[in-house]
Amino acid sequence: VGGPDREIGFTVGREFSRSAVQGQWLLLRDALTGEQTNSLSLIHSYRINRHLEMDTTLGLSEGAAEDTLAYGGLAFRIR
C-alpha cells in the first residue's frame, strides 16, 4: 500500500480514420516504500460508431511485484 511520489510517462501514438494505436511507458516511484515500477503498454482504440469506442490494452509491468506482471484490459467509452 502506498501512493505515487513521482510519475513520469511517455506516450506516442498514431490515429487513423476509425482507430488509433498508442505505445505508453510509465515510471512510478512509491512514496512510502521507494519502490520503482516500470510499465510498458500498447493500446488499440476503435470507434464503433459516433458515440461508442472500444479500447484494448496489453502491457507489462516490472518492479513492485516479484516478477514481471503481464496485464490486459478491455474498455468501452460512451461519448
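None of the values given here were measured: they were computed from a predicted structure.
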Pairwise side-chain contact, Ser61 with Asn38, heavy-atom cut-off 4.5 Å (strictly under):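 Counting from C-beta outward, Ser61 and Asn38 never come under 4.5 Å.
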Can you list everything that forms a side-chain contact (heavy atoms from CB on, under 4.5 Å) with [X]? Sequence neighbours excluded, please.
{"X": "Ile43", "value": "Gln22, Gln24, Ser41, Ser45, Thr57"}
{"X": "Leu58", "value": "none"}
{"X": "Phe10", "value": "Val12, Trp25"}

Rounded distance (nearest 0.5 Å) linking atom CG of Leu28 with atom CD of Glu35: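 Answer for the CG-CD pair, Leu28 versus Glu35, is 11.5 Å.
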Rounded distance [0.5 Å steps], CZ in Arg6 versus CD in Gln36: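 If I round to the nearest 0.5 Å, the distance is 6.5 Å.
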ILVMFWY cluster membership beyond Met54 - transitive side-chain contacts under 4.5 angstrom: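 ILVMFWY cluster around Met54 also holds Tyr46, Ile48, Leu52, Leu74, Phe76, Ile78.
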Co-members of the apolar cluster containing Leu42 [side chain, <4.5 Å]: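 Its cluster partners, ordered by chain and number, are Phe16, Val21.
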Pairs meeting criterion salt bridge (Lys or Arg N to Asp or Glu O under 4.0 Å) with involvement of residues 12-26, two or more places apart: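 Of all non-adjacent pairs touching residues 12-26, none passes salt bridge (Lys or Arg N to Asp or Glu O under 4.0 Å).
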Pairwise salt bridge (Lys or Arg N to Asp or Glu O under 4.0 Å) hits with a residue in residues 70-79, at least two apart: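 The answer is Glu53-Arg77, Glu53-Arg79, Asp55-Arg77.
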Over all atoms of both residues, closest heavy-atom pair of Ser17 and Arg47: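 Taking Ser17 first and Arg47 second, the nearest heavy atoms are O-NH2, 3.1 Å.
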